[in-house]
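A quick note: this is a predicted structure, and the numbers were derived from the prediction, not measured. Below, chains carry the letters A, B, ... as their sequence lines are ordered, and counting in each starts from 1.
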Amino acid sequence: MSLELRDVGVTFGGGLFAGPRKQAVRGVKLRLPSDAPHILAIVGESGSGKTTLTRLLLGLLRPTTGQMLWQGRDIWGLDRASWTAYRRAVQAIFQDPFGAYNPVYRVDRMLILPALNFGLAKTADEAHPLAEAALAAVGLRPAETLGRFPHQLSGGQRQRLMVARAMMLKPQVLVADEPVSMVDASLRATILESLSRLRTETGMSLVYVTHDLATAYQIADTIMVMRNGEVVEEGDVVSVIRAPAHAYTSELVAALPPPDPTIDWGLETSP
Amino acid sequence: MSALSVRHLTVEFATRAGAARAVNDVSFDLEPGERLGLVGESGSGKTTTALSLLRLIRPPGRLVAGEILIAGQDIAAAGPEALRRMRAARIALVPQGAMNALNPVLTCAAQFEDLFAAHNAQGGRARIAALLTSVGLDPAVADRYPHQLSGGMKQRVCIALAIALRPAVIVADEPTSALDVIVQKQVLKTLIAVQRDLGAAVVLVGHDMGLMAQFAHRIGVMYAGRLVELGPVREIFADPRHPYTRMLIDSLPGFCERGVFKGIPGLPPSLLSPPPGCPFAPRCPRAEPRCAVEVPETRVLGPGHEVRCHVA
C-alpha cells in the first residue's frame with residue numbers, strides 16, 4: 001500500500017461562468033510510506049487547502065496538474081477492478097456530518113450497506129453485530145442510534161457514526177477530515193485512541209486533517225502545515241510543534257489555550 | 001447585589017417516554033464583571049441552562065421550577081412584555097452559530113436599528129459605529145450584509161449586538177466553536193474587552209477546558225443536568241474535588257506526553273431514567289456503595305467553592 005501526491009495543483013474556476021480562477025492547492029508533495037502504517041496530520045486555517053487535499057486522496061477530485069498515485073499507479077487511469085480495490089482500501093470520514101448522510105434513509109444503512117458490499121457480512125443479520133460493536137467503540141448506544149434518521153442525531157453523534165463506519169471497514173488508509181471537531185474533549189480522547197489502536201491492530205494508515213494541534217501532536221507521526229494552498233512546514237510532529245520553523249506554525253501553536261489558569265495567555269490585554 | 005442569581009433552576013423536556021430532566025436544581029450567583037465558564041459533555045445541560053437564563057427554551061422544553069433574578073427581577077416569572085424588555089437590555093445572548101444568527105437580507109446597521117427600535121433606545125449611525133469599533137470592526141461593516149463578512153467578523157457583530165443595550169449579563173453559548181483557532185483567540189479577547197468595559201457578568205458555555213482555564217474566573221461543571229462542582233478557576237484546576245472534574249481536566253491533550261489518551265470511559269446516563277444515586281456513580285473510579293443509592297447534596301468547601309459528591 002502506498003499513496004502519493006506528486007507535485008499536485010488544483011485550480012477552481014476560470015471558465016466563462018465559473019468565476020475568477022482560484023488556485024486551491026499548489027505544488028503539494030505527499031507520500032504515505034508503504035512499508036509501515038503511518039499517521040500524517042494536516043493542519044492549517046480554513047481555506048488553506050486541507051479539504052481539497054483529502055478530496056484528491058479520495059479520488060473525488062482530479063488534480064489540475066501533477067499526479068495522484070496509489071501503489072505507484074495514477075488512480076485516474078485505473079481499470080474498474082483496481083478502482084474498486086482502491087475504493088475499498090481508502091476510506092473517508094467527511095468533514096461535514098450534516099451533508100454526509102442521505103436524509104431519507106435510517107442511519108443503519110450507512111453501516112450495513114458497506115458491510116455487505118465489501119463482503120464483511122453475507123446478510124444484514126450478520127452485519128448487525130459488526131455495526132453494534134463499531135458503535136460501542138465510539139461511545140454510541142446501539143439501541144439509541146440504530147433505527148434513527150440522521151436529523152434525529154446531533155452533529156457530534158453523526159461524526160461518531162462516520163468514525164464507527166470507517167472502523168468497521170478496517171481500511172488500509174483512512175482519510176479523516178476533522179473527524180472529531182464537534183465531539184467533546186473527553187470523548188475526543190477516546191475516539192482518537194480507537195483510531196490510533198487501529199494502526200497497531202490492523203496496520204491502518206491515517207491522514208488526520210484538523211486545526212487542533214494538540215490532538216495532532218498526540219497521535220501523528222508527521223505533520224504538514226498548510227497555508228493558502230501551500231505546505232509551509234512539514235516534518236516529524238514533535239520537532240515541528242516544539243520548535244516551529246515557520247512563523248505561521250508558531251502562530252498556530254500560540255493559538256492553543258494553555259489548560260492552566262496560572263499561565264497567562266494574554267486574553268486580558270486589549271485585542 | 002449579584003448581577004445574576006439562579007435558584008433551583010429545573011428544566012424538563014417532554015418526550016414520548018416521559019419527562020427528561022435536562023437541568024436539575026441548578027443554583028449559582030454571579031457578581032458584576034465576573035466570568036463563569038459552564039462546562040460538561042454534550043447533553044449535560046450546559047446549553048439548556050444558558051438558554052433558560054433568557055427563557056429561550058421552547059416546547060417540548062419547559063422551565064418547571066426555579067428563579068432567575070437579574071437586579072432583583074425574576075425573569076422566570078416575568079410576563080411576555082416584561083420578558084421582551086429584559087432580553088437584550090438586562091441579559092443578552094451571543095449565540096453559538098454566528099453563521100446563522102444574523103438576518104441574511106438585512107445590512108448589519110438595519111439589525112442594530114431593529115434592536116434599538118424594539119427597546120425604544122437611542123440608535124443612529126454614530127452609536128452603531130461606536131459599537132462596531134468597540135469590537136474591533138471597521139464602522140463601514142454597518143453597510144455590509146452578513147454574507148459579505150467572515151465567520152469571525154459575524155461573531156463580532158453578534159457581540160456588538162449583545163452589548164448594544166448595555167446588559168448586566170452576557171450569555172455566550174460556545175461563541176467560537178465554528179471559528180479558526182487564531183480567530184478564536186481574537187474573538188475572546190474582544191468579548192473580554194467589552195465585558196470589562198461594561199462591567200457585565202458573563203456566562204460562557206463550552207467544553208474546551210483549556211479555553212475555560214484562560215477565560216473564566218469561576219468554573220461550573222455540569223453532569224446529567226446537575227451542577228456537580230462550582231469553584232474558582234485556579235482551585236478547580238489545581239485541586240478538582242469532583243472525580244468528574246478531575247477526569248475532564250485529565251482528558252485534555254497537551255504538548256507533553258504523546259499517545260496517552262485519557263478519555264472518560266462509559267456514557268452519561270439517560271435523562272429519562274437516571275440512576276437513583278449520584279448520576280456519575282456508574283462511571284466514577286471512586287464510587288462507594290452509597291453513591292449508587294443516595295443523591296449527594298451540595299456541600300460548601302470554601303468561599304465560592306461547592307461540590308455535589310459523597311467522596312470529594
(Q) Tell me whether B:Gln214 contacts the main-chain N or O of A:Ile263 through its side chain, where contact means a donor paired with an acceptor under 3.5 Å. (A) yes
Q.
Ignoring hydrogens, what is the shortest heavy-atom contact between B:Lys189 and A:Leu267? Give both atom names and the distance.
A. CG-O, 3.6 Å
**Q.** Side chain, backbone, both or neither of B:Lys262 within contact of chain A (heavy atoms, under 4.5 Å)
**A.** backbone
Q.
Can you tell me how far apart CD1 (B:Ile264) and OG1 (A:Thr190) are? Round to the nearest 0.5 Å.
A. 8.0 Å
**Q.** Atom group of A:Ile191 that falls short of 4.5 Å from chain B, counting heavy atoms
**A.** neither
Q. Is it the side chain or the backbone of A:Ala136 that comes within 4.5 Å of chain B heavy atoms, both, or neither?
A. neither
Q: Using a heavy-atom cutoff of under 4.5 Å, enumerate the residues of residues 226-252 of chain B that contact chain A, numbered in order, or state 'none'.
A: B:Val233, B:Arg234, B:Phe237, B:Leu248, B:Ser251, B:Leu252
Q. Under a 4.5 Å heavy-atom cut-off, does chain B meet the side chain of A:Arg141, its backbone, both or neither?
A. both
Q. What heavy-atom pair brings B:Ala213 and A:Pro259 nearest, and what distance separates the two atoms?
A. CB-C, 4.0 Å
(Q) Any heavy-atom pair between the side chains of A:Arg188 and B:His207 that's under 4.5 Å? (A) yes
Q: Could you tell me which non-hydrogen atom of A:Pro257 sits nearest to which non-hydrogen atom of B:Asp208, and how far apart they are?
A: CG-OD2, 4.4 Å
Q.
At a 4.5 Å cut-off on heavy atoms, which part of A:Ser196 comes close to chain B: side chain, backbone, both, or neither?
A. side chain
**Q.** Interface moiety of A:Ile241 toward chain B, non-hydrogen atoms closer than 4.5 Å
**A.** side chain
